[in-house]
K.L.:
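My structure is below; once you've seen it, I'll send some questions.
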Number of protein chains: 2
Amino acid sequence: MPVGSATGPAASPPMRRKPGRPPRVDATRDTREALLRAGLGVLTEKGFVASGLDELLRRVGVPKGSFYYYFDSKEAFGAALIERYAAYFARKLDRHFLDEALSPLARLQAFVDDACTGMARHAFRRGCLVGNLGQEIAALPEAYRESLRAVLADWEGRLAGCLEAAKEAGELAASADCARLAAYFWTGWEGAVLRAKLEGGERALRLFAEGFIATLPRR
Amino acid sequence: MPVGSATGPAASPPMRRKPGRPPRVDATRDTREALLRAGLGVLTEKGFVASGLDELLRRVGVPKGSFYYYFDSKEAFGAALIERYAAYFARKLDRHFLDEALSPLARLQAFVDDACTGMARHAFRRGCLVGNLGQEIAALPEAYRESLRAVLADWEGRLAGCLEAAKEAGELAASADCARLAAYFWTGWEGAVLRAKLEGGERALRLFAEGFIATLPRR
DNA sequence: CGGAATATTAGACCGATCGTCTACAAAATC
DNA sequence: GATTTTGTAGACGATCGGTCTAATATTCCG
C-alpha cells in the first residue's frame, strides 16, 4: 500500500512557513488537521456513506471550499482517514504489544482494556473505522478494499508478533499457529466492536476477548 | 419485539381476494413481495443508508407510488426487512440445528457450510443484514437497535439449544456455558461475515468457524 | 350491467442534502 | 506593488427520501 505522501506535513518539524491565510486566530488549529480529526469521529460513528460533508464542515466551522482545497474528493478524504487511522492504531498496538513490562498475554489483555475504555469514552457510539468501512465496502470506492485488507493484515502481523513472544515466554504452546490465531482474533474482534456499538456496552468486547484468551493453546 | 402484524398477508392461505389491479400478468409477482425480496438483496449488500429507494424501485420496476402504498416510509420498509430476514434466518437455523440426522456439532458445521455456499452464491457481495445495519446503527432509526439486538438474542437461543444437545451427546463438556458460547459465536461470526465480504472469499468464515469448534470445551 | 367503492399504479413535485466547482480575498514573495 | 500562492466563500446541479394528486383496474352491490 502506498504510504506517506497523501497524509501531508504534520506541521511541526522544519517545513516551509505557511504563506496563505494566517494560522488562524487559534494557533493550534490547522484546518486540514481539524477536518481529519473530526472526520475520524464522524466516520467511526456513522460510516462513510451516512457521513455528510455539510455536517462535518459545520462541526469544524470550515466552508466547503476549504475542504476541497485540502482534499480532491470525499473519496480522497476517506483514503486519508484510513491511512491516519491505520497509523494511529499501529502506534496503539505497538505501545501495548511491545510493552516489556508486561507478559505477552497480559499485553493483549491491556490492549483489550484500553479498547474498552476508549469505546466507553465515546459512549460506545464510535466503532472501528476499518469495520465500518469494511461493512459498507460494496458501496465504497473499490480502492478502499485493498487498503482495508492491508490494514487488517498489518494488525495481524503485530498481534502475531506478540503471540510469538507469548510462545517464547511459555504462555503459549510451541505448536500454536500465531498468524492464524491473530487472524482469528481480529476477525472476531471486529464483530465484537460492532456488537458493543449495537448494545451500547462493553459486554461483547469482554466476552470475545475472554473467550479468545481462555481458549488459547497453553501447551 | 412486536411481531406478525406488519409483515402482512403472505397471499397464500385464506384471505380476502385482492380487489385492485390484477395479480399482474406475472402471477408469481406480488409487488410488495418483490420489493421485500429485492430490498433484502440491496440492503444486505450496501446497508440501509447507501441503498436508495429510486434504485430499488428501478430494479423491481415499480413506481414510487406503489412503494409508499405498501410501506409508510423507508424506515418502515427497513423494519419489515429486519423482521423478514429474522424469520428467514430462524428457519435456516432450525433446519440445521434441529436436524436429528446429524450430531449436534455436525449440525453447526452444516450451518457454516451452508453459509459459505450462500455467500459464494452472491460472490461474497452480500453479507448479513443484522451486521450491516448494526454497523451503521448510529445513523439509523433508534427503533432498529432493539430489533437487531432481539434478532441476535434469538439466534443465540437457537445455537445454545444446539450446544445443549451437544452436551447431552457427549460432544461438549458438561460444564460448558452454552449461552455464553453461543453469544461468543455470533459475535465473532458477524466479524467473519464482514471480513469475508471485504476479502471476497470464504476464508474468514472457515477460519472463525474452525477456530470456534476446535476450541470448544470437550470434557 | 352499471355505477360506487376500493386497491393500486403513475410520476410530478418539494425541501434537504449530496459532492463539485468557480470566483474571490488575504499573505507571502519578488 | 504586482504577482503568485494559499485559503475561503458559497453558488450550483444532481439526487435523495418523502408526499401528494390524478388516473386506472377491479370488485362489490344493486
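Since this is a predicted model, take the numbers as computed values, not measurements. Order of the sequence lines sets the chain letters (A, B, ...), proteins ahead of strands, with each chain counted from 1.
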K.L.:
I'd like a table of atom pairs between the protein and nucleotides 20-22 of chain C - only N or O on both sides, under 3.5 Å - with the distance next to each one.
P.N.:
unit_1, atom_1, unit_2, atom_2, d
C/dT20, OP2, A/Tyr68, OH, 2.4
C/dT20, OP2, A/Lys74, N, 3.4

K.L.:
So that I can tick it off, tell me whether B/Asp99 and B/Arg95 are bridged by a salt bridge, with the cut-off set at under 4.0 angstrom between side-chain N and carboxylate O.
P.N.:
no
K.L.:
In plain terms, say whether A/Glu210 and A/Arg206 are close enough for a salt bridge, that is, a side-chain N and a carboxylate O under 4.0 Å apart.
P.N.:
no
K.L.:
Go through D/dT8, C/dA7, D/dC16 for me and flag the one nearest to the A/Pro63 side chain.
P.N.:
D/dT8
K.L.:
Looking at A/Arg58 and A/Glu55, does any basic side-chain N land under 4.0 Å from a carboxylate oxygen?
P.N.:
no
K.L.:
Could you check how far OH of B/Tyr70 sits from P of C/dA10, rounded to whole Å?
P.N.:
11 Å
K.L.:
Taking 4.0 Å as the cut-off, does a side-chain nitrogen or oxygen of A/Thr31 come that near to OP1 or OP2 on D/dT8?
P.N.:
yes
K.L.:
Considering the options A/Tyr85, A/Trp186, A/Trp189, which one meets the side chain to side chain contact (heavy atoms under 4.5 Å, CB included) requirement together with A/Cys128?
P.N.:
A/Tyr85
K.L.:
To the nearest 10 degrees, what angle separates the axes at the start and end of the helix from C/dC1-D/dG30 to C/dC30-D/dG1, five pairs each?
P.N.:
10°
K.L.:
Is it the case that over 12 heavy atoms from other parts of the model lie below 6.0 angstrom from the CG atom of B/Asp72?
P.N.:
no
K.L.:
Write down the distance between CG (A/Leu140) and P (C/dG19), rounded to a whole number of angstrom.
P.N.:
12 Å
K.L.:
Counting just side-chain N and O atoms, does A/Ser66 come under 4.0 Å of either OP1 or OP2 of D/dG7?
P.N.:
no
K.L.:
Can A/Arg149 and A/Glu156 be counted as an ion pair, charged N to O under 4.0 angstrom?
P.N.:
no
K.L.:
For the residue pair A/Glu136 and A/Asn132, confirm or rule out a side-chain donor-acceptor distance under 3.5 Å.
P.N.:
no
K.L.:
Rounding to an integer number of Å, can you tell me how far B/Tyr69 OH sits from D/dT24 P?
P.N.:
18 Å
